[in-house]
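Just so you know, ligand 1 is whichever comes first in the structure, and atom 1 is the first atom listed for that ligand. Just so you know, these numbers come straight off a predicted model, no measurement behind them.
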Amino acid sequence: MDMKIMTPGPTMVRENVRMARALETTNPDLDEQFVEEYRQLCLKIASLLHTKSEVLILGGEGILGLEAACASLTEPGDRVLVLDNGIYGKGFADFVSMYGGVPVLLSEPYDRAFSPEVLEHFLQEDHQFKYATIVHCDTPSGILNDVHALCPILKRYGILTVADSVSAMFGEPLDVDRAQIDIVCGGSQKAVSAPPGLTIVAVSEDAKRAMRCRKTPIASFYANLSAFDGYYDAKWFPYTMPISDIYGLRAAIDNIEKDASVLQRHAAVASAVREALVSAGISLYSKDGFSNTVTVFRVPDGVCAKDILERMRRVHHVMLAGSFGEFAGKVIRIGHMGENARPGSVLAVMRGLDETLSALGAEVSETLAETFLRVYSGDNYGDNG
Ligand SMILES: *Cc1c(COP(=O)(O)O)cnc(C)c1O
């Protein structure tokens, strides 16, 4: 029996994506047809993200986008506002310092979405920042931040914004231009449902201007976003593009484009999962800011996270994730993003958890599967679960 990879990234990869990675390859440095295909894919992603910003696909796992944004914008001594309400949120401070910037943390509790009022209040006192960083969905805790409300506030103070949407992009509504995000980062292995290996970035004109106006050179080659300037006219990439990864990404993006109900289905699956857990008496980790791509719940008293994960894999062939940092051992994460956001697959998680929790002696007041089936209101389109 196949294992269901119901983790918050990497996610399950559809067969047509795996097959696209086996297409015949060319020399991506010399074959101008490939530059055209790359460019068309970038334009399609830009249209799905509702942005006029330039989209680039970088050869490197999701983290590369975060580092490239910080490397490209930060000059020694630059003050950077780091919105910290999660592990990835705080993590941006490391990239800022690494490139000589001075991170200023605005820290809020990790179990709530970042409040626009708190941000506004803070900025009234202090807004001398080159840019600010924010995480759209902070995956270890499952918190969704409202980038459409927060980033425009920063822009009003003339602060550029870098948003990590690696685990939200294509699973949550994201209108990059309405949110006025200057650099938004996505990865291939989360809601895109391609294998890990690629970063997607959308870079605004304001961000490009900031890079052009630097007094010091960007202290990186691989993480230098301006290395792509003019690549299309010059028919030249700064480094050899991973062509098979890009063919896989193209198939995954086509799947998303054809799937008219993709965002509604993420929302319907996520809300049914939350309701099933709560009805069973299991606590969700967060108090608000619930994401549609990952649900994080507290391990019931008297049960060990490791035992739940182990039984889910061994008996039910479902892979769930624990978490890390301060959340290790305390919570379990269900990744219902991308190909995982299918009612059939999520129902298998609910049934597996019902059996597992009961076998491990946890008290639950109602079965997860029954509640999920009762309240799930999305369609079953393309359900291969
Ligand atoms: C997955 C993820 C990344 C990429 O990180 P990896 O640990 O290398 O997969 C970046 N940001 C967020 C919020 C993520 O969920």
(message) I'd like to know if Leu43 and Tyr231 are part of one continuous hydrophobic network [Ile/Leu/Val/Met/Phe/Trp/Tyr, side-chain heavy atoms within less than 4.5 Å].
(response)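 Cluster IDs for Tyr231 and Leu43 differ.
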(message) Between Asp206 and Arg209, does any NZ, NE, NH1 or NH2 come within less than 4.0 Å of an OD or OE carboxylate oxygen?
(response)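 Answer for the salt bridge query: yes.
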(message) Using a strict threshold of under 4.0 Å (side-chain N to carboxylate O), is an ion pair present between Arg342 and Glu339?
(response)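 Looking at Arg342 together with Glu339, the answer is yes, because their closest N to O distance falls below 4.0 Å.
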(request) Could you give me the CA-CA distance, side-chain angles and deciding distance for Glu54 and Tyr232, then say whether side-chain hydrogen bond (donor to acceptor under 3.5 Å, both in side chains) is met? (result) CA-CA 12 Å; Glu54 178 170 34; Tyr232 181 67; over 6 Å; no
(message) List the residues meeting ring pair (Phe, Tyr, Trp, His ring centres under 6.0 Å) with Phe92, not counting sequence neighbours, and say none if there are none.
(response)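 Ring pair (Phe, Tyr, Trp, His ring centres under 6.0 Å) list for Phe92, sorted by chain: empty.
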(request) Mind telling me whether Phe324 and Tyr88 have parallel, tilted or perpendicular rings, with 30° and 60° as the class edges? (result)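 Because their plane-to-plane angle is over 60°, the rings of Tyr88 and Phe324 count as perpendicular.
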What does the N/O contact table under 3.5 Å look like for ligand 1?
from	atom 1	to	atom 2	distance (Å)
ligand 1	7 (O)	Tyr88	OH	3.1
ligand 1	8 (O)	Glu61	OE1	2.6
ligand 1	8 (O)	Glu61	OE2	3.3
ligand 1	9 (O)	Glu61	OE2	2.9
ligand 1	9 (O)	Gln189	NE2	3.1
ligand 1	11 (N)	Asp164	OD1	3.3
ligand 1	11 (N)	Asp164	OD2	2.6
ligand 1	15 (O)	Thr139	OG1	2.3
ligand 1	15 (O)	Lys190	NZ	2.7

